[in-house]
Amino acid sequence: MNTHGIKAATALTGLSAHVIRVWEKRYAAVTPQRTETNRRLYTDDDIARLQTLAKLVQQGYAISNVAGLKDAELEEMLESFEENATEPNFIHTSKKSEPFVTAACEAIRDYDQESLEKVFDEATLSLGYSGLLEFVIIPTINRVGDDWNKGILTVAGEHASTSFIKDYLAHSVRAFNLDENAPVLVVTTPAGQIHDLGASIGACLARMHGWKTINLGASLPAGEIASALVHAKATALLLSIVYPIDDPMLAGELHTLRKLTPDHLPILVGGNSLDNYAKALEQINATLVPSITDLTPALQSIREKRFIASSA
């Protein structure tokens, strides 16, 4: 049976070396072989188990609750998820998250940042960090937008919610340690795109999966983004396109950005307005990320290709 070192294991599973070691030491999720120099070696079965565990954790299961299960039990859980998924998410997870979303919106209406952070902390314990991002924070943002449109929430309240959530994300993401050779993801929005909260969420998810993330903020010209990519020695770029939905200048910015970046550098693009700029995104060979759920496999694919290229 094939064996793989820790570097290959991170590329094949999308998990950071730190996470794999923690899962091994703290939860006995896998028991790798050891070389004479005490290096870890993971079999194909170990890799498959880690991949299954990673998928379950992404859907909200706590690693402490699933790490001790047998491979067959894990596969059964994953199959159940795939059969019962509405999009790629559990119906019951969405229902479980609803009280957190309601409580978060109430805290925002009261300008209560401390209570909001407690809600997010509790949601993380219940749903996992990716569950917090996908099932709590994103629905909360959407509901805040609806409340603003209906006049339930003032402009000040909407701005406060963005500030509160960004503060929480910036603090929470520090819990994820990085390897020295972690791939680098630059995150921003193109010039004219003024909403970058979705980009921040994407950056947090990438960090959880072992990427070094550099968040440049909102509305940067193509030349500035390209310069940052070079100086950061970026592995990939993540753009968010949300608002405005009909910017006539955006297509030109995207074409300029593609010209200024290496052809091999992946450009991932997410956000609610992808369809409105579909032609330009196709022309620059962008990888579309329609939802936060699609970001993880997109990043995983980049890591696998990077590993194969480095091993050739």
Side-chain angles (χ1 to χ4, degrees), residues 101 104-105 107-109 111 113 116 120 130 132-173 185-207 213-225 228-229 236-254 256-257 267-281 284 286-295 298-299:
V101 176
C105 289
I108 288 169
R109 293 188 195 112
Y111 294 87
Q113 184 171 5
L116 179 66
F120 288 164
S130 61
L132 165 74
L133 298 177
E134 181 175 357
F135 294 109
V136 179
I137 290 184
I138 290 178
T140 296
I141 293 169
N142 292 336
R143 196 167 299 179
V144 164
D146 291 340
D147 286 351
W148 178 79
N149 286 326
K150 295 174 183 177
I152 298 173
L153 195 67
T154 64
V155 173
E158 191 273 337
H159 285 191
S161 71
T162 298
S163 176
F164 294 166
I165 293 172
K166 281 186 175 181
D167 282 352
Y168 184 86
L169 292 174
H171 177 75
S172 65
V173 79
L185 182 69
V186 170
V187 183
T188 186
T189 74
Q193 289 290 310
I194 59 176
H195 290 179
D196 66 338
L197 190 50
S200 296
I201 293 171
C204 289
L205 186 62
R207 177 68 179 263
T213 56
I214 301 173
N215 194 337
L216 304 179
S219 189
L220 275 186
E224 294 291 336
I225 297 173
L229 292 170
L237 169 66
L238 174 63
L239 299 175
S240 178
I241 297 177
V242 176
Y243 183 86
I245 64 174
D246 55 355
D247 182 359
M249 306 299 292
L250 183 57
E253 281 290 316
L254 292 173
T256 300
L257 177 60
I267 299 179
L268 310 178
V269 187
N272 296 337
S273 298
L274 292 184
D275 291 344
N276 296 341
Y277 302 99
K279 183 177 180 180
L281 293 172
I284 69 168
T287 299
L288 302 187
V289 185
S291 71
I292 194 67
T293 308
D294 300 302
L295 180 58
L299 294 173

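Hydrogens, waters and symmetry mates play no part in the numbers below; they use all other heavy atoms, side chains included.
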*Gap separating the NE2 atom of H195 from the OG1 atom of T162, nearest 0.5 angstrom*: 7.5 Å
*Closest heavy-atom contact between L133 and C204?*
CD1-CB, 4.3 Å
_Let me confirm one number: the CG-CD1 distance from L288 to I267, rounded to the nearest 0.5 Å._
11.5 Å
_Keeping D294 on the side-chain end and S291 on the backbone end, is there a donor-acceptor pair under 3.5 Å?_
yes
*Check whether any side-chain heavy atom of L257 sits under 4.5 Å from a side-chain heavy atom of L237, and report yes or no.*
yes
*Considering only heavy atoms from C-beta outward, does the side chain of D196 approach that of K166 to under 4.5 Å?*
yes
_Ring geometry between Y168 and F120 (parallel below 30°, tilted from 30 to 60°, perpendicular above 60°)_ = perpendicular
_Donor on one side chain, acceptor on other, Q113 and D167, under 3.5 Å_ = yes
*Identify the two heavy atoms, one from A191 and one from L250, that lie closest to each other, and give their separation to 0.1 Å.*
O-CD1, 4.3 Å
_With Y277 via ring-ring contact (aromatic ring centres under 6.0 Å, His included) - residues at least two apart_ = none
*Any side-chain heavy atom of V269 within less than 4.5 Å of one from I241?*
yes
_Worked verdict on V289 versus L274 for side-chain contact (heavy atoms from CB on, under 4.5 Å)_ = CA-CA 9 Å; V289 185; L274 292 184; 5.7 Å; no
*Might you work through the side-chain contact (heavy atoms from CB on, under 4.5 Å) test for L238 and V186, ending with a clear yes or no?*
CA-CA 6 Å; L238 174 63; V186 170; over 6 Å; no
*Does a donor on one side chain and an acceptor on the other come within less than 3.5 Å for S240 and Q193?*
no
_Chi angles and distances behind the side-chain contact (heavy atoms from CB on, under 4.5 Å) call for L299, L205_ = CA-CA 10 Å; L299 294 173; L205 186 62; 5.8 Å; no
*Can you tell if the side chain of I138 reaches within under 4.5 Å of the side chain of I292, non-hydrogen atoms only?*
yes
*Residue pairs involving residues 149-161 (criterion side chain to side chain donor-acceptor pair (under 3.5 Å); sequence neighbours excluded)*: Y111-T154
*Considering non-hydrogen atoms only, spot the tightest contact between T213 and A203 and give its length.*
CG2-O, 3.3 Å
_Smallest separation among heavy atoms of A236 and L229, with atom names_ = O-CD2, 4.4 Å
_Looking at every heavy atom in both G192 and D247, which two are closest together, and how far apart are they?_
CA-OD2, 4.2 Å
*Separation of L295 CG from I201 CD1 (nearest 0.5 Å)*: 11.0 Å
*Taking side chain as C-beta onward, heavy atoms only, is L220 less than 4.5 Å from T189?*
no
*Which distance, rounded to the nearest 0.5 Å, do you find between the OG of S172 and the CG of L132?*
7.0 Å
*Considering all heavy atoms, the nearest L116-A107 contact*: N-CB, 3.7 Å
*Before giving the answer on side-chain contact (heavy atoms from CB on, under 4.5 Å), spell out for V101 and R143 the whole-Å C-alpha distance, their side-chain angles and the decisive distance to 0.1 Å.*
CA-CA 9 Å; V101 176; R143 196 167 299 179; 3.5 Å; yes
_Atom pair CD1/OG of I245 and S273 - distance to nearest 0.5 Å_ = 6.0 Å
_If I take atom CG from residue L185 and atom CG from residue L268, how far apart are they, to the nearest 0.5 angstrom?_
6.5 Å
